[in-house]
4 protein chains.
Amino acid sequence: MKKNKPKYMQIIDAAVIAIAENGYHQAQVSKIAKQAGVADGTIYLYFKNKEDILISLFEEKMGNFIEKIDQMIAGKGTAASKLLKMIEAHFSLLYEDHHLAIVTQLELRQSNKDLRHRINNVLKGYLQVIDKIIIEGIETGEFSPDLDVRLARQMIFGTIDEAATSWVMNEEKYNLLKLASPVHHLLINGCGFRGVVE
Amino acid sequence: MKKNKPKYMQIIDAAVIAIAENGYHQAQVSKIAKQAGVADGTIYLYFKNKEDILISLFEEKMGNFIEKIDQMIAGKGTAASKLLKMIEAHFSLLYEDHHLAIVTQLELRQSNKDLRHRINNVLKGYLQVIDKIIIEGIETGEFSPDLDVRLARQMIFGTIDEAATSWVMNEEKYNLLKLASPVHHLLINGCGFRGVVE
Amino acid sequence: MKKNKPKYMQIIDAAVIAIAENGYHQAQVSKIAKQAGVADGTIYLYFKNKEDILISLFEEKMGNFIEKIDQMIAGKGTAASKLLKMIEAHFSLLYEDHHLAIVTQLELRQSNKDLRHRINNVLKGYLQVIDKIIIEGIETGEFSPDLDVRLARQMIFGTIDEAATSWVMNEEKYNLLKLASPVHHLLINGCGFRGVVE
Amino acid sequence: MKKNKPKYMQIIDAAVIAIAENGYHQAQVSKIAKQAGVADGTIYLYFKNKEDILISLFEEKMGNFIEKIDQMIAGKGTAASKLLKMIEAHFSLLYEDHHLAIVTQLELRQSNKDLRHRINNVLKGYLQVIDKIIIEGIETGEFSPDLDVRLARQMIFGTIDEAATSWVMNEEKYNLLKLASPVHHLLINGCGFRGVVE
DNA sequence: AATGAATGAGGTTTCATTCAT
DNA sequence: TATGAATGAAACCTCATTCAT
């Protein structure tokens with residue numbers, strides 16, 4: 001299994017840095033190889049082609065994240081608290097890894113349609129986690145019983161993603177972590193006012 | 001003024017079709033020219049370069065849309081009703097123009113960072129419209145008084161955009177227009193349940 | 001005869017300016033037309049193609065010059081004095097017309113081989129004038145009887161041309177006219193020293 | 001160091017042939033690559049761009065030549081004899097390499113101003129060699145003490161260059177080498193007659 | 001396993017020239 | 001005569017991938 005050899009992650013980590021620092025289209029295979037400290041040809045002993053590096057990058061980084069989240073929400077607690085934890089974990093992941101934030105929020109988006117479909121496949125795991133929380137919330141009565149799960153999921157993911165992207169595009173000038181709670185509040189309560197400020 | 005000549009819009013419309021049908025990177029200038037029924041060189045009588053076609057495309061299509069929305073929400077009505085109109089207008093724009101939906105939601109996102117920054121500039125106008133509605137809603141007491149405008153805007157835009165992108169990626173299998181009302185309801189009320197289904 | 005119409009010389013003069021100011025490869029037909037105050041298409045009513053403008057330019061400017069020189073040396077006087085007059089006329093032509101100097105000494109040289117052959121054809125007239133002076137000098141005993149006319153002509157033309165080109169490349173910092181006499185002296189006497197400074 | 005690899009000179013030599021046979025503007029990179037027996041892309045492993053091939057070509061061929069001349073005139077001997085050697089070396093270089101003669105005397109002259117300036121920089125070394133000889137000649141009393149070094153240099157270079165160019169334009173019908181001696185004689189003695197044939 | 005020199009396909013843009021008005 | 005919008009051919013360079021060592 002190639003994935004267990006040290007150079008596999010070495011190349012993926014190099015790709016994150018190379019893409020973050022040079023931009024998607026300027027991160028040539030030779031730059032990634034140089035950053036990884038291996039020869040160009042060596043890349044092809046571990047990855048089928050360049051696209052394979054990118055999809056593997058996303059799988060490794062996001063896959064781990066999804067597993068972590070999945071465990072995190074497995075235990076007890078309200079759906080709302082689980083949602084908050086998820087948002088915090090998501091923001092934390094990007095906040096802690098500057099390079100990764102740039103790569104996932106900006107650079108990887110300019111990949112071609114094919115690659116983006118495969119990235120979306122990875123994301124499906126994340127969306128399923130969100131779905132789980134929503135369904136649990138509905139069942140426990142925390143969330144509105146007539147919630148359209150798909151739409152709610154799109155709101156949750158779209159909002160988190162948009163908040164993260166804006167933060168990266170604003171050169172990370174403010175503390176993303178501090179947005180987790182207000183974002184969470186917004187997703188639960190929406191914009192509307194009901195006479196009581198919670 | 002080049003923009004008033006018929007070939008200007010002819011080329012832009014051709015670009016939308018060519019990009020939608022071939023993909024961003026496979027929509028060569030020669031393909032756009034062919035689609036427009038002009039010679040390759042003619043393109044450069046109306047646009048500085050290929051990137052200029054794309055930014056102009058976005059400015060024309062989105063710019064017009066933003067103006068329309070802006071007028072639409074100028075009159076009377078609640079902030080909530082204005083938000084609904086906006087969402088309907090947004091979904092309608094994409095629903096009515098299959099090619100445009102593909103181009104704005106999928107293809108144009110793989111443009112390089114420079115072009116994306118210029119696209120974001122156009123989008124700013126849209127975000128300001130959203131801001132206007134939010135602020136109006138807060139002032140009239142419809143929306144929560146302690147709403148963070150920036151976050152609310154990110155939720156609204158992020159949700160609309162994610163819903164639209166999902167619809168396109170799902171090959172537009174369902175009727176996007178019908179989502180306007182439930183999406184609007186979600187944005188106003190959030191996921192949370194308060195014992196009353198409105 | 002097209003040559004007698006006012007626009008013929010108008011275009012040629014515009015070409016001199018356009019080439020001098022923009023360089024040979026940046027002097028597009030449209031620039032020449034603009035400088036001449038006519039439409040692009042009008043150029044083709046007076047010239048077969050772009051090359052025809054350039055060759056005509058050279059013929060007009062140099063042709064006139066050669067005729068003038070030819071008349072100048074027709075009268076009495078020593079061969080040496082005629083040579084001096086010719087050098088002075090040559091330097092004067094370039095000294096008086098800044099644009100023409102740049103065009104003939106620098107820009108027109110980057111024309112293709114074909115055009116250069118045709119330019120050389122025009123130059124033949126000039127070379128024949130030089131030959132006339134040399135032969136006359138030999139016959140009168142002023143010049144060495146065993147002079148190889150072709151070589152002497154190459155020395156005279158090569159020296160004048162090199163002096164003129166150097167002057168233009170040095171941005172015409174010094175007075176070219178003042179070089180006529182010392183250049184003439186050099187051509188007559190060579191580098192060698194014979195104990196007497198004339 | 002790229003210059004030491006065999007393909008570096010292989011490509012330069014191919015460029016000389018391709019340019020000589022096809023003309024400057026018809027010597028596309030692909031033709032040079034084909035002539036060199038390498039792929040188009042290989043060219044760019046050794047040269048920054050097409051212009052870099054041409055300037056390198058000139059530097060290699062002319063640079064070597066200038067060094068050789070410089071050593072040649074370093075030893076003893078009269079200034080006049082050194083001048084003769086230089087002319088012979090110059091004519092010999094072109095006479096021995098048909099392709100190089102065409103390239104330097106005709107084709108490379110149609111390069112753009114920028115490239116020509118860089119070529120002139122290389123030529124400066126040659127002009128300095130000429131200056132050395134002139135100054136030495138003045139100091140030893142061989143040459144006229146009131147010689148203007150710059151003008152003398154222009155005469156010498158202009159004459160040699162014109163003779164060489166004429167020879168190439170006449171399709172090298174006669175033996176250029178045989179012109180070295182009479183050209184040398186002309187440069188030393190000029191056109192004038194002093195009653196004694198030396 | 002590792003190297004890195006070599007490959008070669010593919011696209012944007014310019015500009016001389018035409019021709020309908 | 002004069003216009004100027006439209007034409008369309010043609011080339012430099014990049015970079016993912018291979019393969020002999």
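In what follows, every chain begins at residue 1, and chains take the letters A, B, ... in the order their sequences are listed. Side chains included, hydrogens not; waters and symmetry mates left out as well; all remaining heavy atoms used.
- Here dA5(F) presents its P atom at 8 Å from CG of L45(B), a figure rounded to the nearest Å.
- Between A101(A) and L94(A) the shortest heavy-atom distance is CB-O, 3.6 Å.
- Atom CD1 of I43(A) is separated from atom C1' of dT3(E) by 12 Å (rounded to the nearest Å).
- There is a side-chain donor-acceptor pair under 3.5 Å between K31(B) and Q28(B).
- Using a 4.0 Å cut-off, no side-chain N or O of K34(A) falls inside it from OP1 or OP2 of dG4(E).
- Atom NZ in K48(D) sits about 11 Å away from atom P in dT14(F), given to the nearest Å.
- Distance CD (Q26(D)) to P (dA9(F)): 16 Å, rounded to an integer number of Å.
- Using bins of under 30°, 30° to 60° and over 60° for the plane-to-plane angle, the ring pair F47(B)/Y8(B) lands in the parallel bin.
- As judged by a 4.0 angstrom heavy-atom cut-off over every strand, K31(C) is placed among residues making no nucleic acid contact.
- A heavy-atom distance below 4.0 Å to DNA chain F is reached by none of the residues of residues 9-20 of chain A.
- dA20(F) is paired with dT3(E) under the criterion used here, namely a Watson-Crick or G-U wobble arrangement in which both key atom distances are under 3.5 Å.
- In this structure, N49(A) and V38(B) both approach DNA chain F, and ranking their closest nucleotides by distance from the 5' end singles out V38(B).
- Toward the 5′ end of DNA chain F lies the nearest nucleotide of Q28(D), the other residue of the pair A27(A) and Q28(D) mapping further downstream.
- In this structure, CG of D40(D) is placed 9 Å from P of dG8(E), rounded to the nearest angstrom.
- Neither side chain, Q35(D) nor D13(D), offers a donor N or O lying under 3.5 Å from an acceptor on the other.
- Considering only side-chain atoms of A39(A), the nucleotide from dG4(E), dA6(E), dT12(E) that sits closest is dG4(E).
- Between D52(B) atom CG and dT12(E) atom P there is a gap of 14 Å when expressed in whole angstrom units.
- Judged by distance alone, with hydrogens and angles left aside, the side-chain atoms of E107(D) form a donor-acceptor pair with the main-chain N or O of Y24(D) at under 3.5 Å.
- Under the 3.5 Å distance criterion, the side-chain polar atoms of D97(A) are matched with a main-chain donor or acceptor of L100(A).
- Across dA6(E), dA9(E), dT17(F), the shortest atom-to-atom separation from the side chain of Y44(A) is found for dT17(F).
- With hydrogens and angles disregarded, no donor-acceptor distance shorter than 3.5 Å links the side chain of T42(C) to the backbone of V38(C).
- Take the nearest nucleotide of DNA chain E for T42(A) and for G41(B): the residue whose nucleotide is more 5' is T42(A).
- To the nearest angstrom, P of dA5(E) lies 5 Å from NZ of K5(D).
- Of the two residues contacting DNA chain E, namely K50(C) and S30(B), the nearest-nucleotide position lying further toward the 5' end is that of S30(B).
- Contact detail for Q110(D) and N112(C): the closest heavy-atom pair is OE1-CA, 3.0 Å.
- Here V29(D) lies in heavy-atom contact (under 4.0 Å) with sugar-phosphate atoms only.
- Put simply, OH on Y46(D) is 9 Å from P on dT7(E), counting in whole angstrom units.
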